[in-house]
Amino acid sequence: MVLVHNAFRRHFDALPGLVAGVADGDIARAARIAGFLTELDTGLHHHHSAEDELMWPLLLERAETDSALILRMEEQHERIAELIERADGQAARFAASAHPETRAPLAATLRALAAALDEHMAEEEAHVLPLVERVMTVPEWEALGERGRAAVPKDRQLIFLGFILQGVPAVERRKFLAAMPFPARLAWWLLGRRAFAEEYRSIYGTDPA
């Protein structure tokens, strides 16, 4: 989960700058960045929905003394969802015009969204994950991950894998890949790396680190 969180952090943190870098009237570039935002938003929505349905109810049932923490996590999800809805509406207007009047409010909302995500994920990692280790079973935890993976369209799974692995230290990257089924690892090495690099360049204008 921390690797997934870090991927969301990296790209949501980058989005305000990507929006600010779109030239006035460059509708094609504005639409590309808006599309990237939409895909990130969709991935985050599925990530949070899985927690809402499969994790928070179990934690509330099994760790009643930590109920205030769990309720705060749910409230943070609601705040993030509100910011996403606002950003999506602003992004649609920006993609249609690439006008400075649509750029500024979108960048401001994205900065607020990135800050809200940073706060939520830091608290979740510091306080919720240790609680999960105590009260959730391995199959329950694996079901949470499987729910997230199932939500990613099959033709986008290798791309999403690239975004998760991008920027991860080599040791951690090898460990992550080693836990994957062999066919998935093979697909990554033969197809995924190149496809992800092309997609990354289309967004950031540079090769992935």
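No hydrogens, no waters, no symmetry mates; every other heavy atom, side chains included, goes into these values.
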**Student:** Could you check Val128 against Met55 for side chain to side chain contact (heavy atoms under 4.5 Å, CB included), going step by step and ending with a plain yes or no?
**Tutor:** CA-CA 10 Å; Val128 175; Met55 190 162 76; 4.2 Å; yes
**Student:** Which pair of heavy atoms, one from Leu58 and one from Met136, lies closest together, and at what distance?
**Tutor:**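 Closest heavy-atom pair between Leu58 and Met136: CD1-CE, 4.2 Å.
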**Student:** Under 6.0 Å between the ring centres of His120 and His48?
**Tutor:**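 Between His48 and His120, which both carry aromatic rings, the centre distance is below 6.0 Å.
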**Student:** Measure the shortest side-chain to side-chain distance between Val132 and Leu144 over non-hydrogen atoms and say whether it is less than 4.5 angstrom.
**Tutor:**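 No, too far: nothing below the 4.5 Å cut-off.
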**Student:** If you round to the nearest 0.5 Å, how far is CD of Glu61 from OG of Ser67?
**Tutor:**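 The OG atom of Ser67 sits 13.5 Å away from the CD atom of Glu61.
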**Student:** Side-chain contact test, heavy atoms from C-beta onward, threshold under 4.5 Å: evaluate it for Leu106 versus Arg93 and give yes or no.
**Tutor:**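 A side-chain contact is absent here, since even the closest heavy-atom pair is not under 4.5 Å.
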**Student:** Indicate, with yes or no, if the rings of Phe36 and His11 have centres closer together than 6.0 Å.
**Tutor:**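 Yes; His11 has its ring centre under 6.0 Å from that of Phe36.
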**Student:** Write out all pairs satisfying salt bridge (charged side-chain N to carboxylate O under 4.0 Å, His left out) with one or both partners inside residues 129-139, taking only residues at least two apart or from two chains.
**Tutor:**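 Qualifying pairs, neighbours excluded: none.
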**Student:** Which distance, rounded to the nearest 0.5 Å, do you find between the CE of Met121 and the CE of Met1?
**Tutor:**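 Result: 9.0 Å between the selected atoms.
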**Student:** Are any non-hydrogen side-chain atoms of Arg147 and Glu53 less than 4.5 angstrom apart?
**Tutor:**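 Yes, close enough: below the 4.5 Å cut-off.
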**Student:** Keeping Asp26 on the side-chain end and Arg29 on the backbone end, is there a donor-acceptor pair under 3.5 Å?
**Tutor:**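 Present.
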**Student:** Kindly compute the distance separating CG (Leu18) from CG (Leu37), expressed to the nearest 0.5 Å.
**Tutor:**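 Here the rounded value is 10.5 Å.
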**Student:** Within a strict 4.5 Å, meaning less than it, do heavy atoms of the Phe8 and Asp13 side chains meet?
**Tutor:**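 Not touching, per the 4.5 Å side-chain cut-off.
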**Student:** State, yes or no, whether a side-chain contact exists between Leu54 and Trp141 at a heavy-atom distance under 4.5 Å.
**Tutor:**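 SC-SC contact between Leu54 and Trp141 ruled out.
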**Student:** Under the criterion side chain to side chain contact (heavy atoms under 4.5 Å, CB included), I'd like the reasoning laid out for Gln76 against Glu124: C-alpha separation, chi angles, the key distance, then a yes or no.
**Tutor:** CA-CA 10 Å; Gln76 289 174 357; Glu124 187 172 21; over 6 Å; no
**Student:** Determine all donor-acceptor pairs shorter than 3.5 Å in which one atom belongs to a side chain in residues 166-179; sequence neighbours excluded.
**Tutor:**
| unit_1 | atom_1 | unit_2 | atom_2 | d |
| --- | --- | --- | --- | --- |
| Gln166 | OE1 | Arg10 | NE | 3.3 |
| Arg173 | NH2 | Val168 | O | 2.6 |

**Student:** Can you tell if the side chain of Glu51 reaches within under 4.5 Å of the side chain of His77, non-hydrogen atoms only?
**Tutor:**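 Glu51 reaches His77 side chain to side chain.
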**Student:** Using a 4.5 Å cut-off between side-chain heavy atoms of Ile, Leu, Val, Met, Phe, Trp and Tyr, which other residues end up in the same hydrophobic cluster as Phe160?
**Tutor:**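 Once heavy-atom contacts under 4.5 Å are chained together, Phe160 belongs with Val152.
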**Student:** Can you give the donor-acceptor pairs under 3.5 Å from side chains of residues 79-92 to other protein atoms, not counting sequence neighbours?
**Tutor:**
| unit_1 | atom_1 | unit_2 | atom_2 | d |
| --- | --- | --- | --- | --- |
| Gln90 | OE1 | Thr109 | OG1 | 2.7 |
| Gln90 | NE2 | Thr109 | OG1 | 3.3 |

**Student:** Is there side-chain contact between His46 and Asp41, with at least one heavy-atom pair below 4.5 Å?
**Tutor:**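 No, every pair of side-chain atoms sits at 4.5 Å or beyond.
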**Student:** Knowing that exactly one of Glu119, Glu123, Glu78 qualifies, which makes a salt bridge (charged side-chain N to carboxylate O under 4.0 Å, His left out) with Arg72?
**Tutor:**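 When Glu119, Glu123, Glu78 are each tested with Arg72, the salt bridge (charged side-chain N to carboxylate O under 4.0 Å, His left out) holds only for Glu123.
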**Student:** Minimum heavy-atom separation for Ala30 to Ala95, with atom names?
**Tutor:**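 Smallest heavy-atom distance, with atoms named: CB-CA, 4.0 Å.
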**Student:** In Å, rounded to the nearest 0.5 Å, how long is the span from CZ of Phe94 to CD1 of Ile27?
**Tutor:**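 Answer rounded to 0.5 Å: 10.0 Å.
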**Student:** Side-chain polar contacts of residues 186-197 - donor-acceptor pairs under 3.5 angstrom, sequence neighbours left out - could you list them?
**Tutor:**
| unit_1 | atom_1 | unit_2 | atom_2 | d |
| --- | --- | --- | --- | --- |
| Arg193 | NE | Trp189 | O | 3.4 |
| Arg193 | NH2 | Trp189 | O | 3.4 |

**Student:** Using side chain to side chain contact (heavy atoms under 4.5 Å, CB included), reason through Met73 and Leu69 one step at a time and then give a plain yes or no.
**Tutor:** CA-CA 6 Å; Met73 294 292 100; Leu69 168 66; 4.2 Å; yes
**Student:** Any ion pair linking Glu140 and Arg62 (charged N to carboxylate O, less than 4.0 Å)?
**Tutor:**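 A salt bridge is present here (some side-chain N lies under 4.0 Å from a carboxylate O).
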**Student:** Report whether Val2 and Ile164 are members of the same hydrophobic cluster (ILVMFWY, side-chain heavy atoms less than 4.5 Å apart, transitive linking).
**Tutor:**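 Looking at the clustering, Ile164 is in a separate group from Val2.
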**Student:** Do any pairs count as a salt bridge (charged side-chain N to carboxylate O under 4.0 Å, His left out) and have a residue in residues 196-209, sequence neighbours left out, and if so which ones?
**Tutor:**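 Of all non-adjacent pairs touching residues 196-209, those that pass salt bridge (charged side-chain N to carboxylate O under 4.0 Å, His left out) are Arg32-Glu199, Arg156-Glu199, Arg201-Asp207.
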**Student:** What is the distance from atom CZ of Phe163 to atom CG of Leu3, rounded to the nearest 0.5 Å?
**Tutor:**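 Going from the CZ atom of Phe163 to the CG atom of Leu3 covers 15.5 Å.
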**Student:** With heavy-atom distances below 4.5 Å as the criterion, would you say the side chains of Arg111 and Leu15 are in contact?
**Tutor:**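 No - every pair of side-chain heavy atoms lies 4.5 Å or more apart.
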**Student:** Can you confirm whether the side chains of His99 and Asp24 place a donor and an acceptor under 3.5 Å from each other?
**Tutor:**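 No pair is found: no donor N or O on one side chain lies under 3.5 Å from an acceptor on the other.
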**Student:** Roughly how far apart are Arg103 CZ and Glu101 CD, rounded to 0.5 Å?
**Tutor:**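 Between Arg103 CZ and Glu101 CD, I get 11.0 Å after rounding to 0.5 Å.
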